[in-house]
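To start, the structure under review is shown below, and the notes come after it.
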Amino acid sequence: MTAETHLFGCLQDNYGVLVHDKASGATAAIDAPEATPVEAALKKTGWKLTDIFVTHHHGDHTGGIAELKQRHGCRVVAPRNEAKKIPAVDETVGEGDVVRLGELSARVLETPGHTAGHIAYWFEDDCLAFVGDTLFSIGCGRVIEGTPEMMWNSLVKLRRLPGETRLFCGHEYTQANIRFAQTIEPDNLALIARAAEASEQVANRQPTIPTTLDSEKAANPFLRADVPEVAAAVGMAGKPPAQVFAEIRERKNRS
Ligand SMILES: [Zn+2]
């Protein structure tokens, strides 16, 4: 009972990913930025689309749903708190719900901030989490519908998952994120190592994800707003982590 994954690019810098349960043949697309690359991924893997698990309502995550649903009759699972903004939804889910994919199962974590109803799917037994636009490698999503405090709490919730959890996120932003992170923690050795790793991955035309939670905890400034050195680096020593996070996010928005 092991999940297989297949990652592929969509649109400009979005990622699509298929999760496959070999035992039952069930396959889920995590989000569906557009239909054509999902179809190509299905053809390449030989997997049959049974489900779409949606993280949030943005068009670059949902644009392919209607077409895929029509063609495959797959089940569309979406966050309860923004399902009205998502096409062709069959099932809505919220915090703590368990979504089955054949013999695999994912727990739903509500991670609001980027959007008000954003969710992540955590396949605990497979050490896998699909975090949409909440957490990126060495970055995090923009706080569009929530407050910085809400987003910080969502990141802390993800940070509590086991360190070896492999994280799949919605975009390839890693190198730009690293350039920004190095303005906050230029001497962070884990960040320096991640920068070298990502450069090599990009040079070899490989994706920089999945990443692991342990790697992000060591190098991602947005997960480190409660580290005293990080607070001090943005001139906010002793301030509450949510405020430090807000300052880091604000600096990234301006960068
Ligand atoms: Zn988004």
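Start at 1 and go down the list; that is how both ligands and their atoms are numbered.
Between Asp214 and Arg159, no side-chain nitrogen of the basic residue sits less than 4.0 Å from a carboxylate oxygen of the acidic one, so the salt-bridge criterion is not met. The residues Asp90 and Lys69 are annotated as salt-bridged, a charged nitrogen and a carboxylate oxygen being separated by less than 4.0 angstrom. Residues Arg80 and Asp97 are paired through a salt bridge, judged by an N-O separation under 4.0 Å between the basic side chain and the carboxylate.
The main-chain N or O of Glu95 is found under 3.5 Å from a side-chain atom of Glu110 such that the two form a donor-acceptor pair.
Residue Thr115 is tested with Lys85, Glu145, Glu82 for a side-chain hydrogen bond (donor to acceptor under 3.5 Å, both in side chains); the sole match is Glu82.
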Exercise for review: Mind running side chain to side chain donor-acceptor pair (under 3.5 Å) on Arg194 and Ser137 for me, showing each step along the way?
Suggested key: CA-CA 10 Å; Arg194 179 65 173 128; Ser137 183; 2.7 Å; yes
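Here the protein contributes His56 NE2, His58 ND1, His114 NE2, Asp133 OD2 as N, O or S atoms under 2.8 Å from the Zn ion (ligand 1).
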